[in-house]
Colleague: 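Questions regarding the structure given below will be posed in turn.
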Amino acid sequence: MSEQVTGRSDMWSNSFIFVLAAAGSAVGLGNIWKFPYIAGENGGGAFVLVYLICIAIIGIPVMVSEIMLGKLGRASPIQALLNLTRTHNRSTRWSIVGYMGVLTGFLILSFYAVVAGWVCYYILRLFTGEFTGADASTVGEAFGGFLADPMQVLMWFSIFMVVTIFFVARGVTRGLELCVRFSMPAVFVLLLILIGYGVHAGGFVESVAFLFTPDFSKLTPQAILIALGHAFFTLSLGMGAIMAYGAYVPQSVSVGTTTFTIAILDTVLALLAGIAIFAIVFAYGLAPDAGPGLLFETVPVAFGNLPGGALFGGLFFLLVALAALTSAISISEPAIAYMTERSKLSRAQVALIIGGVCWILGVGSVLSFNVWADVKLAFFEWTFFDSLDKITQLVLLPLGGLLIALIVGHVLPKQVVYQELGLLQERAQNAWSIVVGFITPIAVFLVFIIEVIREVFTHL
Ligand code: PFF
């Protein structure tokens with residue numbers, strides 16, 4: 001194996017830029033597209049409560065762990081784990097988490113970019129005023145018609161992929177800061193406008209009740225695993241993306257404060273998106289469990305019926321596309337960082353190779369909504385798109401998160417961890433050790449195992 005990699009700590013010129021970049025990674029389609037539709041499919045309130053608990057007791061400790069590992073290892077996740085385990089005389093096998101992360105990144109980016117392609121098409125559709133005055137059924141049919149056309153979907157997916165590769169090739173910081181600094185507050189404002197529309201159209205109260213009144217009879221074991229997996233997905237955890245960004249963090253960054261800021265921002269944006277979308281769902285009598293099309297079947301209805309809606313609607317989808325871009329860049333980072341370390345290729349060449357592989361995989365997801373709609377994975381009835389989505393969210397990310405918690409809680413010497421986190425008092429040290437060493441891994445393990453056993457039994 002090669003020598004240790006060091007000297008990359010100057011990438012984020014200050015801690016604020018790191019917070020922006022990490023927030024840019026966390027806030028994306030997971031918040032605006034995915035959270036509302038999975039909350040809708042899983043019955044609302046009780047699911048949302050479990051999701052919030054997962055963010056608090058699993059997401060936050062794992063994020064602290066990832067940033068810390070990146071900061072300590074100062075390299076790609078694979079190399080960082082190799083560096084750390086060697087330095088502290090531990091088994092280098094733990095670097096498997098890094099390899100898993102690279103694989104997970106390929107799988108996620110391939111389908112993430114397909115959905116981001118849908119968003120790009122919707123920028124155009126809204127700006128051109130296609131939905132002005134449209135009712136819900138017209139908007140729903142327009143989405144169905146779009147998905148049924150593989151060439152059209154392929155084209156928009158490819159456009160998004162090319163833009164992502166372009167930014168990845170140019171390096172992580174350029175453009176990212178600007179993008180996040182302006183687009184994040186703007187998304188926030190547009191979501192508030194949408195919520196205002198919901199209040200006006202009459203779905204707001206029902207929406208809030210749907211999302212925040214837990215009905216535990218609707219909570220299935222699978223829903224708990226989905227909530228857990230989504231906590232990882234939405235915070236970009238379990239595959240080394242935040243760890244890869246952590247490798248460039250200035251020493252002065254407070255890991256705890258950064259983590260809380262990102263987790264709160266990410267959660268608030270998801271909840272706002274949920275409130276906005278369900279307000280439209282209930283105002284128009286639509287189905288909350290419409291699935292992955294929910295965003296595209298609701299938001300255009302609202303903008304179509306608002307004064308200036310074509311402009312604001314186009315802007316909304318543009319901002320969602322930018323949020324998706326800053327996330328997509330981070331999804332590729334573990335693989336990019338590793339390949340640039342290990343080969344003589346330039347960052348641009350590596351970006352092209354990784355982008356190319358993701359593009360090929362992504363074609364499967366493009367076809368899942370039309371030509372291959374009936375090609376399903378045995379037992380689960382998942383399309384190609386569903387399979388990638390579920391395998392990453394329900395298996396690979398939780399497993400990655402579990403292993404990361406174990407590395408920080410049990411593999412690295414405790415003093416190294418305490419020192420890096422600035423935990424001086426014994427009480428704080430013990431509390432941290434209990435959370436990351438026991439509560440987080442046991443919670444992930446239990447949810448995971450119970451659901452796997454249940455699935456095995458139901459399919460026997
Ligand atoms: N957190 C991103 C979102 O919510 O859209 C998606 C994501 C980014 C997942 C980075 C995983 C990752 F490593």
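Every number for a ligand or one of its atoms is a count from 1 in the order of the listing.
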Colleague: Is the F303 to F316 ring centre distance short of 6.0 Å?
Modeller: yes
Colleague: Applying side chain to side chain donor-acceptor pair (under 3.5 Å), which residue pairs with at least one partner in residues 181-196 are found, sequence neighbours left out?
Modeller: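 Listed by first then second residue: E177-R181.
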Colleague: Does T213 reach the main-chain N or O of A209 with its side chain, forming a donor-acceptor pair under 3.5 Å?
Modeller: yes
Colleague: Are W33 and Y37 near enough that their ring centres are under 6.0 Å apart?
Modeller: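 Ring centroids of W33 and Y37 are less than 6.0 Å from each other.
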Colleague: Please give the N or O to N or O pairs under 3.5 Å between ligand 1 and the protein, distances rounded to 0.1 Å.
Modeller:
unit_1   : atom_1 : unit_2 : atom_2 : d
ligand 1 : 1 (N)  : S25    : O      : 3.2
ligand 1 : 1 (N)  : A26    : O      : 3.0
ligand 1 : 1 (N)  : F233   : O      : 2.8
ligand 1 : 1 (N)  : T234   : O      : 3.1
ligand 1 : 1 (N)  : S236   : OG     : 3.0
ligand 1 : 4 (O)  : A26    : O      : 2.9
ligand 1 : 4 (O)  : G30    : N      : 3.3
ligand 1 : 4 (O)  : N31    : OD1    : 3.4
ligand 1 : 5 (O)  : L29    : N      : 3.0
ligand 1 : 5 (O)  : G30    : N      : 2.8
ligand 1 : 5 (O)  : Y112   : OH     : 2.5

Colleague: Checking side chain to side chain contact (heavy atoms under 4.5 Å, CB included) between L421 and each of V436, V408, V255, which is the one that passes?
Modeller: V255
Colleague: May I ask you to say whether R347 pairs ionically with E333, meaning some side-chain N is under 4.0 Å from a carboxylate O?
Modeller: yes
